[in-house]
Amino acid sequence: MVEVAKRMSTIAPYLFADIERKIDEAKAAGVDIISLGIGDPDLPTPASIIDELARTAYDAHNHQYPSSQGMPAFREAVARFYQRRFGAEINAKSEICTLIGSKEGIANIHYCFVDSGDLVLVPDPAYPVYATATRLAGGECYYLPLKAANGFLPDLEAIPAAVADKAKLLWLNYPNNPTGAVCDLAFLRKAVDFARAHDILLCFDSAYSEMTYDGYIAPSVMQIEGAKDVAIEFGSCSKPFNMTGWRIGFAVGNPVAVQTLAKYKSNVDSGAFQAVQYAAIAGLEQPEPIVAASRAKYAARRDILVGGLRDMGWQLEYPRATFYVWAPVPRGFSSASFAEFLLDKAGVIVTPGNGYGAEGEGYFRATLTVEERRMAEAMQRIKQALGKVEF
Ligand SMILES: *Cc1c(COP(=O)(O)O)cnc(C)c1O
């Protein structure tokens with residue numbers, strides 16, 4: 001008999017398995033499903049980026065093993081991006097590591113800094129990788145509740161000193177998945193001070209830094225003086241350049257953290273395909289026209305989705321970033337029963353909030369990754385199915 005390692009049992013069973021089965025059944029029965037469930041851009045990768053892949057893919061130099069830390073040219077492009085976008089000086093040699101998608105680095109950083117029994121401070125709700133990678137590395141999560149009343153920011157002062165002193169990593173992600181919340185520089189300054197006071201590596205997930213609306217501009221933790229003493233930031237080409245399938249991202253910041261991650265990676269992977277790195281450079285050097293087009297599309301869809309929910313009685317703000325809308329379920333529903341209701345009665349898929357942590361119970365997440373016409377249709381169907389909404 002094959003025996004699965006015990007650590008695999010520390011990962012929760014797939015929460016959406018049940019809803020996935022129902023989606024398959026509905027599709028098989030010919031139901032027209034509108035999915036607001038998946039956080040994956042529906043827009044294509046821009047031609048300028050694909051052209052660069054095509055050009056460099058023919059160069060035999062790029063057919064060999066890349067370096068695990070990434071090509072100097074890619075790292076230099078990331079450094080220039082940080083200089084232009086955030087006014088932050090990042091050393092391309094020692095403070096940047098190329099990633100095979102930021103998820104890769106987000107997971108692997110735990111193996112670099114978390115020993116058996118160590119604590120990791122993980123927001124709840126959150127992108128699930130922080131908690132699962134903590135457990136796979138043998139660590140334990142201490143959850144930081146994100147409450148609507150606090151703008152979905154964690155209350156760092158509420159963390160007991162004994163917990164903070166024992167913690168190795170603090171995870172923060174703004175603009176935030178799944179809540180769509182944003183933070184300001186003052187909050188990041190507090191987080192850097194907190195990390196310094198307790199010898200914690202602050203891990204900042206900035207996957208949505210460019211997906212912002214209404215003139216809002218997202219900050220980087222690298223804008224805070226002294227951030228590189230205590231922080232590493234994970235960036236991604238997936239969301240800004242519609243490149244989720246290409247697998248390319250980067251880590252920047254504290255040189256010990258970056259180089260430890262590169263050392264770990266040199267033992268478990270062999271870096272990102274160089275032609276993909278060249279393609280991503282094309283995006284990083286000229287991000288504005290690409291992200292401006294996506295922002296306009298997502299903002300228009302957001303207005304239909306949030307406007308529709310507000311019409312039905314939801315009291316919701318328009319999120320200023322990400323492509324997520326995080327909303328409470330109506331009275332009488334749980335997260336799971338509301339998602340099931342929308343699937344059965346409206347053919348609309350949303351993600352139950354409890355999939356992102358216990359604090360997500362009572363919420364659902366809807367994404368902006370369907371075109372306006374379909375979004376309007378989804379809202380019409382939900383209105384028809386729900387009737388009068390109470391909270
Ligand atoms: C999408 C996403 C990522 C990972 O993106 P990659 O494709 O691996 O670069 C990281 N963090 C959050 C919060 C995300 O939503």
Side-chain angles (χ1 to χ4, degrees), residues 16 36-45 49 70 74 78 81 96-110 120 122-134 144 146 152-154 169-183 202-212 218 220-221 231-253 261 265 268-269 271-273 276-277 279-281 283-284 287 290-291 294 298 319 321-326 351 353 355-357 359-360 365-369:
F16 312 121
L36 309 181
I38 304 163
D40 192 347
D42 59 313
L43 309 170
T45 308
I49 291 176
F74 179 81
V78 172
F81 174 78
I96 300 178
C97 181
T98 308
L99 301 173
I100 309 171
S102 68
K103 184 182 192 176
E104 177 259 295
I106 288 169
N108 282 334
I109 196 74
H110 296 83
V120 175
V122 177
D124 175 5
Y127 183 57
V129 182
Y130 319 137
T132 51
T134 295
L144 311 178
L146 305 186
F152 297 109
L153 298 173
L169 305 179
L170 162 62
W171 277 104
L172 293 174
N173 161 225
Y174 294 96
N176 185 260
N177 176 9
T179 66
V182 298
C183 75
L202 168 55
C203 297
F204 190 69
D205 181 348
S206 69
Y208 296 95
S209 66
E210 308 313 297
M211 309 320 300
T212 55
S220 158
V221 76
I232 185 169
E233 180 162 297
F234 295 89
S236 174
C237 299
S238 290
K239 311 310 174 15
F241 308 138
N242 308 321
M243 290 180 82
T244 48
W246 297 58
R247 312 314 303 133
I248 184 79
F250 44 87
V252 310
L261 182 58
K265 281 169 57 58
V268 301
D269 68 52
F273 182 26
V276 168
Q277 296 186 57
I281 291 171
L284 288 166
I290 304 172
V291 295
S294 307
Y298 291 131
T322 76
F323 38 67
Y324 304 112
V325 171
W326 182 249
T351 315
Y356 302 92
E359 290 287 334
R365 192 194 77 171
T367 68
L368 305 176
T369 50

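Just so you know, residue 1 is the first one in the sequence shown, and it goes up from there. Keep in mind the model is a prediction, meaning the values are calculated, not measured. Just so you know, ligand 1 is whichever comes first in the structure, and atom 1 is the first atom listed for that ligand.
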Legend entry - Separation between NZ of Lys103 and OG1 of Thr244, rounded to the nearest 0.5 Å: 11.0 Å
Does [X] approach ligand 1 within less than 4.0 angstrom via side chain, backbone, both or neither, non-hydrogen atoms only?
| X | value |
| --- | --- |
| Ser238 | side chain |
| Tyr208 | side chain |
| Arg247 | side chain |
| Thr244 | neither |

Inset, instruction - Locate the shortest heavy-atom distance separating Gln277 from Ala272; write the atom from each residue and the value. - result: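 Here Gln277 and Ala272 meet closest at NE2-O, 2.9 Å.
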Find all atoms of ligand 1 within a distance of less than 4.0 Å from any non-hydrogen atom belonging to [X], and give their numbers and elements.
| X | value |
| --- | --- |
| Gly101 | 8 (O), 9 (O) |
| Ile106 | 10 (C) |
| Asp205 | 10 (C), 11 (N), 12 (C), 13 (C) |
| Asn173 | 13 (C) |

Inset, instruction - Could you check atom 4 (C) of ligand 1 against the protein and tell me its nearest heavy-atom contact, residue, atom and distance included? - result: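 Protein heavy atom at minimum distance: Ser102 OG, 3.3 Å.
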Inset, instruction - Please write down residue, atom name and distance for the protein heavy atom closest to atom 1 (C) of ligand 1. - result: Lys239 NZ, 1.4 Å
Legend entry - Test item: Arg365 side-chain N/O and Gly37 main-chain N/O as donor-acceptor pair under 3.5 Å: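 Here the side-chain-to-backbone pair exists.
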Inset, instruction - State whether a side-chain donor-acceptor pair under 3.5 Å links Tyr324 with Asn176. - result: no
Legend entry - Thr45 and Asn242: side chain donor to acceptor below 3.5 Å: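 Judged by distance alone, the side chains do not pair up.
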Inset, instruction - Decide if the gap between the ring center of Tyr208 and the ring center of Phe323 is smaller than 6.0 angstrom. - result: yes
Legend entry - Parallel, tilted or perpendicular, as decided by the 30° and 60° cut-offs, for the rings of Tyr356 and Trp326: perpendicular
Legend entry - Option whose closest heavy atom lies nearest to atom 9 (O) of ligand 1, chosen from Gly249, Gly105, Ala207, Ser236: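 Checking each option, the heavy atom nearest atom 9 (O) of ligand 1 is found in Ser236.
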Inset, instruction - Would you check the N or O atoms of Tyr127, main chain and side chain alike, for any that come under 3.5 Å of an N or O of ligand 1? - result: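 Such a contact does not occur with ligand 1.
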Legend entry - Chi angles and distances behind the salt bridge (Lys or Arg N to Asp or Glu O under 4.0 Å) call for Glu104, Arg247: CA-CA 9 Å; Glu104 177 259 295; Arg247 312 314 303 133; over 6 Å; no
